[in-house]
Amino acid sequence: MKKLPQISEAELEVMKIIWKHPNINTNDVIEKLSKTSKWSPKTIQTMLLRLIKKGALNHYKEGRVFVYTPNVAESDYVEIESRSFLNRFYNGALKAMVLNFLEQDKLSDDEINELYQILEERKNRKKD
């Protein structure tokens, strides 16, 4: 599995915007994040620069603004972070995590039924 840059919680919010809108310019990133955060434009620009330095983003100049593209696929990031979470809290055992949610009544009947359907579909797909 490839090594991904360490992305902070705040930087992850920036990455979510860029994953959703690849080839987005600085002004648009600031506009979109201003709707969901209280960060100043300077703070957002600083996070963009940090993500570039970490290798998570690429950028190029288009006219008077920079345009950002992700160097890290969202699916790769989610997969690695999910595995990291499982390893840190459940010694890598998905079963232990699901059992914990069930024992703590954190899953509704609808969620349990949905999980059951997903597992059945996966099981049937493996048979084919």
Side-chain angles (χ1 to χ4, degrees):
M1 194 159 291
K2 62 177 129 175
K3 178 85 169 131
L4 295 180
Q6 288 288 94
I7 297 173
S8 71
E9 289 295 318
E11 292 166 345
L12 180 58
E13 294 306 309
V14 176
M15 288 300 297
K16 286 177 182 178
I17 297 292
I18 295 170
W19 283 323
K20 191 172 183 178
H21 308 279
N23 298 309
I24 187 171
N25 69 45
T26 308
N27 296 333
D28 290 341
V29 172
I30 291 169
E31 177 189 329
K32 290 183 184 311
L33 281 170
S34 294
K35 294 175 184 174
T36 59
S37 75
K38 294 182 180 179
W39 298 327
S40 71
K42 185 72 175 158
T43 299
I44 295 169
Q45 289 173 333
T46 299
M47 284 192 277
L48 288 165
L49 287 173
R50 286 194 334 223
L51 287 164
I52 290 167
K53 286 180 183 174
K54 290 179 177 185
L57 290 181
N58 196 6
H59 71 296
Y60 59 90
K61 194 155 187 153
E62 190 173 87
R64 297 179 62 157
V65 295
F66 285 104
V67 176
Y68 302 92
T69 58
N71 283 338
V72 174
E74 184 176 16
S75 59
D76 291 343
Y77 182 79
V78 168
E79 179 183 349
I80 288 173
E81 286 299 311
S82 296
R83 289 194 186 283
S84 173
F85 174 82
L86 270 179
N87 287 333
R88 280 185 308 185
F89 294 101
Y90 299 99
N91 294 322
L94 181 60
K95 177 182 170 184
M97 184 186 79
V98 173
L99 283 174
N100 180 56
F101 275 84
L102 288 170
E103 289 169 359
Q104 301 298 320
D105 289 327
K106 299 292 185 190
L107 294 174
S108 69
D109 287 344
D110 287 343
E111 289 170 322
I112 292 169
N113 289 333
E114 186 177 348
L115 279 173
Y116 180 77
Q117 288 174 345
I118 291 168
L119 292 171
E120 280 296 313
E121 287 171 12
R122 180 73 175 179
K123 185 177 169 183
N124 291 335
R125 206 175 338 142
K126 283 192 171 191
K127 287 180 183 177
D128 295 340

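Since the model is a prediction, treat every value here as computed from it, not as a measurement. Residue numbers count from 1 along this sequence.
- Contact annotation: the side chain of Tyr60 approaches that of Asn23 to within less than 4.5 Å [non-hydrogen atoms, C-beta and beyond].
- Between Leu102 and Ile112 the shortest side-chain heavy-atom distance falls below 4.5 Å.
- Atoms CZ and CG, from Arg50 and Leu57 in turn, are 12.0 Å apart once rounded to the nearest 0.5 Å.
- Linking Ile, Leu, Val, Met, Phe, Trp and Tyr whenever their side-chain heavy atoms come within less than 4.5 Å puts Ile44 and Leu12 in one cluster.
- The 12-atom threshold is exceeded at CZ of Arg88, counting heavy atoms of other residues, nucleotides or ligands nearer than 6.0 Å.
- At a threshold of 4.5 Å between non-hydrogen side-chain atoms, the residues Thr36 and Glu13 do not count as touching.
- The heavy-atom pair separating Leu86 from Ala93 by the smallest distance is CD2-O, 3.9 Å.
- When all heavy atoms of Leu48 and Thr26 are compared, the closest pair comes out as CD1-CG2, 4.3 Å.
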- Task: Assess whether side chain to side chain contact (heavy atoms under 4.5 Å, CB included) is satisfied between Asn58 and Ile52, documenting all intermediate values.
- Result: CA-CA 6 Å; Asn58 196 6; Ile52 290 167; over 6 Å; no
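- Between the CG atom in Asn100 and the NZ atom in Lys95 there is a gap of 13.5 Å [rounded to 0.5 Å].
- Atom CD of Glu81 has more than 12 neighbouring heavy atoms from other residues, nucleotides or ligands inside a 6.0 Å radius.
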Would you please test Thr46 and Thr43 for side chain to side chain donor-acceptor pair (under 3.5 Å) and show each step? CA-CA 5 Å; Thr46 299; Thr43 299; 6.0 Å; no
inquiry  = Could you go through Leu107 and Leu115, starting from their C-alpha distance and side-chain angles, then the distance that decides it, and tell me whether this counts as side chain to side chain contact (heavy atoms under 4.5 Å, CB included)?
reply    = CA-CA 10 Å; Leu107 294 174; Leu115 279 173; 3.9 Å; yes
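- Looking only at side-chain heavy atoms (C-beta outward), Glu31 and Asn27 stay at 4.5 Å or farther from each other.
- Between Ile24 atom CD1 and Tyr68 atom OH the span is 10.5 Å, to the nearest 0.5 Å.
- By the 4.5 Å heavy-atom criterion applied to side chains, Tyr77 and Trp19 are counted as neighbours.
- For the pair Ser82 (side chain) and Val78 (backbone), a donor-acceptor distance under 3.5 Å is present.
- Looking only at side-chain heavy atoms (C-beta outward), Lys53 and Pro5 stay at 4.5 Å or farther from each other.
- Ala56 and Ile7 make their closest contact through CB-CD1, 4.3 Å (heavy atoms, listed as atom of the first residue, atom of the second, distance).
- Checked by atom type and distance alone, the side chain of Asn87 pairs as donor or acceptor with a backbone atom of Arg83 at under 3.5 Å.
- In this structure, Asn113 contributes its side chain and Asp109 its backbone to a donor-acceptor pair below 3.5 Å.
- Scanning all heavy atoms of the two residues, the minimum distance from Lys54 to Gln6 falls at NZ-O, 2.9 Å.
- Looking at every heavy atom in both residues, Val72 comes nearest to Leu4 through CG1-CD2, 3.9 Å.
- Clustering ILVMFWY residues whenever any of their side-chain heavy atoms sit less than 4.5 angstrom apart, transitively, puts Phe85 in a cluster other than the one holding Ile80.
- Judged by distance alone, the side chain of Asn124 and the main-chain N or O of Glu120 form a donor-acceptor pair under 3.5 Å.
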Residues Leu33, Val14; criterion side chain to side chain contact (heavy atoms under 4.5 Å, CB included); working and verdict | CA-CA 7 Å; Leu33 281 170; Val14 176; 3.7 Å; yes
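- Note on Ile18: it does not cluster hydrophobically with Val65, by side-chain heavy-atom contacts below 4.5 Å among ILVMFWY residues.
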For Met47 and Trp39, run side chain to side chain contact (heavy atoms under 4.5 Å, CB included): C-alpha distance rounded to whole Å, both residues' side-chain angles, the deciding distance at 0.1 Å, then the answer.
CA-CA 10 Å; Met47 284 192 277; Trp39 298 327; 3.4 Å; yes
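- Contact annotation: the side chain of Leu51 approaches that of Met15 to within less than 4.5 Å [non-hydrogen atoms, C-beta and beyond].
- In this structure, Glu111 contributes its side chain and Ser108 its backbone to a donor-acceptor pair below 3.5 Å.
- In this structure, Lys61 satisfies the cation-pi test against Phe66, with its NZ or CZ atom closer than 6.0 Å to the six-membered ring centre and inside 45 degrees of the ring normal.
- Looking at Gln45 and Ile30, their side chains come closer than 4.5 Å, going by heavy atoms from C-beta outward.
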